[in-house]
Amino acid sequence: MLNCAPLFWGILIAPRNRICKRGADIFMIDKTYNPTEVEKRWYPFWTEKGYFHADEHSKKPPFTIVIPPPNVTGKLHMGHALFVTIQDLLTRFKRMQGFEALWLPGTDHAGIATQVMVERQLAKEGKTRLEIGREEFLKRVWAWKREKGSNIIEQLKILGASCDWERERFTMDEGLCKAVIEVFVKLYEEGLIYRDERLVNWDPVAKTVLSDLEIDQENENGHLWHLRYDLVDGTGSIEISTTRPETLFGDTAVAVHPDDERYKAIVGKKVKLPLTDREIPIIADAQAADMAFGTGAVKITPAHDFNDFETGKRNNLPRIQVIGIDACMTDNVPEKYRGMTREKCREVVLEDLAASGNLVRVEDYVHMPSRSQRSGALVEPLLLPQWWVNAKVLAEPAIKAVETGATTMTPKLWEKTFFNWMHNIRDWCISRQLWWGHQIPAYYCEDCCKGHIHYIMNPGQKDPDLRIDAQAKPIVAKTCPEKCPVCGGTHFIQEPDVLDTWFSSGLWPFSTMGWPENTDTLKKFYPTSVMETAADIIFFWVARMMMFGIHFMGVTPFKDIYFHALVRDKQGVKMSKTKGNVIDPLLLIYGCHPDTVPEDEKKASRQLFDDYPNGIDPQGSDALRFSLTMLAAQGRDVRLDIKRIEGYRAFLNKVWQASRFVLMNVEKEKDIYSYITKDGCKEPFEAKDLSMADAWILDRLNRVVKEVTDQIEAYNFNEAAQCIYDFLWNEYCDWYIELSKVVLYSNDEAVAKQGHTTRLVLVHVLETILRLLHPFAPFITEEIWQNLPKTADAPESIMIAPWPVVNEAFLNEKEAERTRTLIAIVSAVRNIRGEANIAPSKAIPQMLALTDDAAKREIVESMRASICTLCKIENIVLGDSQTAKPAPCAIGVADNIELVIPFADLIDLAAERDRLAKAIAKVTKDLEASEKKLNNPNFVSRAKPEVVETERARVASGRAELEKLTKARDMLG
RNA sequence: GGGCGUAUAGCUCAGCGGGAGAGCAUCGGCCUUACAAGCCGAGGGUCGCAGGUUCAAACCCUGCUGCGCCCACCA
């Protein structure tokens, strides 16, 4: 039963062995739905035909989405699968609606992530990037990018992504580099980018600065050490507490609150810093010291703590850097401690403090240290010159865009988060001490900057490290200047730092369209229609795109922002390789067996294989997409349960099988066509020829068309999918197809006469539902659609067929209501059969259908054949309330029609009693509830009239039904 | 500390002012000529707890509890 997973993506070059059979005699699809087979067939067809390409010269209105660019060397995960599903859904929907739909794809160079991967690869060869030097290293990264860069793209294609691949971009390709430089230089000239020495977040493992957003803080168990600093004049001491005793060498003051009575006398005195010869002052600072915390006295280390840095500035304290960029102690500490790692130093310092008697006590303490998101290393605040963006200025218009509704957010609650952050935005540190990325276009004149540029050559390094002091004056320009405007010098050093990855991503909506050139693409497709992405990058990416987009294009980069949910495992835990709860989309799509899955993959998916020791059957991209659509309700996280995916694959199988049924029948009648043309779609039948069931299903179909369209427009994708699911399964398959068989298989000439129209309706409803379903499940719908009989001028593919529109002529509530009566009758009889254990094979010789309502008798009469077939009844006798009932008999009530089935040898008396008791109890309960409402004068006077009316109707039919059921019970004795 | 989300059937989730719904799981019956990945029946819920608004509350308001997320501070 299990397939080995084709874990490689070469399958996309599969032959098209069965495209359109238009003109052939036979229309048919395989007996079983095999998603893997179906899905490899159509992607090449679509791309060859160029359907994904959007034309910037088109007259059609534009619809644009730019892809959130995945990491170029990344691997497909569920997050990708979800965004592809939604973005492709929107794109295909709009394309069918007649928009010039552009979904612009590309990848991100992902600075740190990619650099780390290549470094790891180098490490396997026993090399480091420092040994091979920047130039050689970058060659390696480009080679790695070329090798791996297409993987993620091919994987997006497996999911059916209808991106315009002709426009694929990469954040470091030539055009985008040009855009980055243009933006950087402009912002510098406008004073919105500057270089400044400040305390920054230093990641000593990745050896780069990080922005505030790249820092995580979580509770950790640590210690609080209480230290005693003695007063120099020998009159006493002061106790402080710290979580970082190793930084005491950098202390330049002890702060107390000015109102703190305990210390008023000693403010201004000096204390001796333990383990050193230094003396530092006791200062009063209301912001630095909290009287209620500990002893109310705090050590101030301006060079290694953000608060202390500010305190130092307020009080003019010196800054002593005691920890370096390697996270080791600098030469500014006593000799004994120099060169120690900060961790080692802490140990030794604590020992020495204990020995000197300055360590008062230790307590367990939960605190939240800052860690690098990337490396997990403890962030060391260091004073370093870096490049900054003045975010406040850029944020203002972005805030306004959301306030005025120029850009909307769905779900709306994210607006609050957005405003909150934007209003409190701090300057953005954009320089990174990495090699992989956009090198900053700033140049230093070697003559002018003499003494401020330091070359530090460490052993084993190919090139020296470059340290450029804050005093060095940069020249920011698109290209390296030839001559220094100050001294005329001709030797320049380019800033070695690169830009934060998010800097280039921030330009994505316009840099990908050819900016700074004013291209036709930009004119046609900017601003984009929807930004569809995950909310966890709202600050990293969305906010920055808005800031840059508005600043450089004058217009907000997108009209709507739709935030999708996060995909978690079925327990609601975020997926991660280390937790082993990863569900790889490809394992679901192609199926998998533990024996054929590589070890590392199996480890990441440990939980999956625990639950499914025999592996998983291939589900297909369509099923995965449909599942994600159903599960990702607005504003909710997705807990991915494989059982549900299997359920939706079953749904697609149902679509498949229903299509087979339809195709089997149209085959017999070669002149059946559904009238789809490039300009639209026309029903191939007229209202006057329709049966009751035909009219019903068409009424329903048209309502479904409206509902699905509206729900997609409102970004309620799960509602749209649910609507299709329910209609296709519970109405089209369960009822219409079953009713159609009565006509199609009938020997009665009068009935069979309806056959032609029935077949037309069957194929028309199917064809329409396929078009509605196409954006959700593109492959299976194309496969089936290609095999439907169509006229010669029909489009060549479902994906360029027109989106269904409501045809009011077929909205027919009255006929629909009549079919609902039929359904109620059949359900009631089936209930009797089921409860009374009448074998399905056993025919009921006769049933009485009794009602005083002539219209209802007419329904039964006209649907006699259907009722008989669907209920396996041989004969129906019509009558009214006066008609004598045979005893004993079973009685059901449907829509006020009494259905009487003589017992004969069919029915068990006790079972029938139970059934009636249950039915009576239910009707009684409902009736009481309705009567209670109507007996309340407030309800009658205040509730909406139509609500009162339905309640009255309920009481009326409830009473009638109850009476009939009670009589039936009494007859049983 | 501030903000946000969420709690509905055994499980995963829809529904968000007018009789509690789906899929899976469970029980009973069916290989009925599209489908056993199916069909026909059935069982199963004081919609987290406590108040309030309303003729009417799973749905709106308040409080509480559990779970989760974000931001800020932390000696």
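Protein chains get the first letters and strands the later ones, always in sequence-line order, with residue 1 at the start of each.
When the nucleotides B/G28, B/C39, B/A42 are ranked by their closest atom to the side chain of A/Lys918, B/A42 comes out on top. Side chain of A/Arg639, nearest nucleotide from B/G43, B/C70, B/U12: B/U12. Distances were taken from every side-chain heavy atom of A/Asn831 (C-beta onward) to each of B/A42, B/A22, B/A75; the shortest belongs to B/A42. Closest approach to the A/Tyr33 side chain among B/A42, B/A37, B/A75 is made by B/A37 (side chain taken as heavy atoms from C-beta onward). For A/Pro840, the side-chain atoms get nearest to B/C30 when compared with the rest of B/C39, B/C30, B/G18. Side-chain atoms of A/Asp641 lie closest to B/U12 of the nucleotides B/A42, B/A75, B/U12. Closest to the side chain of A/Arg649, out of B/G5, B/A72, B/A37, is B/A37. Here the nucleotide nearest the side chain of A/Tyr365, chosen from B/A75, B/G28, B/C11, is B/A75.
A/Arg915 comes within 4.0 angstrom of nothing in the nucleic acid, heavy atoms only. At the heavy-atom level, A/Asn420 lies nowhere under 4.0 Å from the strands shown. A/Ala297 comes within contact range of at least one nucleobase, with a heavy-atom separation under 4.0 Å. A/Glu719 comes within 4.0 angstrom of sugar-phosphate atoms only, judged by non-hydrogen atoms across all strands, and of no base. The residue A/Ala535 sits apart from the nucleic acid: no heavy atom pair falls under 4.0 Å. At the heavy-atom level, A/Ile240 lies nowhere under 4.0 Å from the strands shown. Among the heavy atoms of the strands lying under 4.0 Å from A/Ala943 is at least one base atom, whether or not backbone atoms are also near. Counting any heavy atom pair closer than 4.0 Å across all strands shown, A/Lys412 reaches no nucleic acid atom. Within the 4.0 angstrom heavy-atom criterion, no nucleotide atom of any strand lies near A/Tyr648. Residue contacts for A/Asn936: at a heavy-atom cut-off of 4.0 Å it reaches the sugar-phosphate backbone alone, with no base atom in range. A/Asp637 comes within contact range of no nucleotide atom at all, as no heavy-atom separation falls under 4.0 Å. Counting any heavy atom pair closer than 4.0 Å across all strands shown, A/Lys31 reaches sugar-phosphate atoms only and no base atom. Residue A/Arg644 is in base contact, counting any heavy-atom pair closer than 4.0 Å across all strands shown. Using a 4.0 Å heavy-atom criterion, one finds that A/Glu738 contacts the bases of the nucleic acid, with or without backbone contacts as well.
For B/C4, one of the phosphate oxygens OP1 or OP2 lies less than 4.0 angstrom from a side-chain nitrogen or oxygen of A/Lys416. The side chain of A/Arg830 contributes no N or O atom lying less than 4.0 Å from OP1 or OP2 of B/C30. The side chain of A/Trp729 places no N or O atom within less than 4.0 Å of a non-bridging phosphate oxygen (OP1 or OP2) of B/A34. Residue A/Lys741 places none of its side-chain N or O atoms closer than 4.0 Å to OP1 or OP2 of B/U32.
A/Gln722 CD to A/Thr629 OG1: the interatomic distance, rounded to the nearest 0.5 Å, is 12.0 Å. To the nearest 0.5 Å, atom CD of residue A/Gln217 and atom CD of residue A/Glu220 are 10.0 Å apart. Taking OG1 of A/Thr301 as the reference point, atom CG of A/Asp251 lies at 4.0 Å (rounded to 0.5 Å).
With a cut-off of 3.5 Å on both pairing distances, B/U33 has no Watson-Crick or G-U wobble partner at all. Across all strands shown, B/C13 is found opposite B/G21 as a Watson-Crick or G-U wobble partner, with both distances under 3.5 Å. Within the shown strands, B/G66 is the pairing partner of B/U6 under the Watson-Crick or G-U definition, both distances less than 3.5 Å. Pair assignment for B/U54 gives none, since no Watson-Crick or G-U wobble pairing has each distance under 3.5 Å. With both pairing distances under 3.5 Å, B/G1 is matched to B/C71 as a Watson-Crick or G-U wobble pair.
Nearest-nucleotide positions on RNA chain B for A/Met630 and A/Thr242 put A/Met630 closer to the 5' end. Comparing A/Phe661 and A/Asn718 by the nucleotide of RNA chain B that holds the closest heavy atom to each, the one mapping nearer the 5' end is A/Asn718.
Distance check on atom C1': B/G51 versus B/A57 gives 14 Å, rounded to whole Å. When the C1' atom is compared between B/U53 and B/C61, the two are found 7 Å apart, to the nearest whole Å. Across the C1' atoms, B/G48 and B/G66 are found 8 Å apart, a figure rounded to whole Å. The gap from the C1' atom of B/G23 to that of B/C59 amounts to 23 Å, rounded to the nearest Å. Nucleotides B/C4 and B/G43 place their C1' atoms 39 Å apart, quoted to the nearest Å. When the P atom is compared between B/G2 and B/G15, the two are found 31 Å apart, to the nearest whole Å. Spacing between B/A36 and B/C31 at atom P, rounded to whole Å, works out to 13 Å. Of the P atoms belonging to B/C35 and B/C40, the separation is 14 Å, rounded to the nearest Å.
The number of heavy atoms from other shown groups lying within 6.0 Å of CD (A/Glu874) is above 12.
Put simply, CG on A/Asn219 is 15 Å from P on B/A72, counting in whole angstrom units. At whole-Å resolution of the value, CD1 in A/Ile616 and P in B/A37 are 17 Å apart. In this entry the distance linking CG of A/Asn653 with C1' of B/C39 reads 13 Å, nearest Å. In this structure, A/Trp735 atom CH2 and B/C35 atom C1' are separated by 18 Å, rounded to whole Å. One interatomic measurement links the two molecules: CG of A/Asn424 to C1' of B/G3, which rounds to 12 Å at whole-angstrom precision. In this entry the distance linking CE of A/Met368 with P of B/C69 reads 11 Å, nearest Å. Put simply, CZ on A/Phe939 is 12 Å from P on B/G18, counting in whole angstrom units. Atom-to-atom, CG of A/Leu631 to P of B/C24 comes out at 14 Å; the value is rounded to the nearest Å.
Judged purely by atom type and a 3.5 angstrom limit, A/Asp427 uses its side chain to pair as donor or acceptor with the backbone of A/Ala391. Using modelled atom types, no side-chain atom of A/Asn219 and backbone atom of A/Met368 make a donor-acceptor pair closer than 3.5 Å.
Taking the side chain as every heavy atom from C-beta outward, A/Tyr745 and A/Thr869 never approach each other to under 4.5 Å.
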| said: Please determine whether salt bridge (Lys or Arg N to Asp or Glu O under 4.0 Å) holds for the pair A/Asp260 and A/Arg262, giving the CA-CA distance in whole Å, both sets of side-chain angles, and the decisive distance to 0.1 Å. | reply: CA-CA 5 Å; A/Asp260 198 330; A/Arg262 291 169 292 183; 2.8 Å; yes
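Within the cation-pi definition used here (under 6.0 Å to the ring centroid, within 45° of the axis), A/Lys741 qualifies as a partner of A/Phe661.
Checked by distance alone, A/Lys654 brings a side-chain donor or acceptor within 3.5 Å of a matching partner on the base of B/C35.
Partner of A/Val254 under the side chain to side chain contact (heavy atoms under 4.5 Å, CB included) criterion, chosen from A/Ile283, A/Val298, A/Ile280: A/Ile280.
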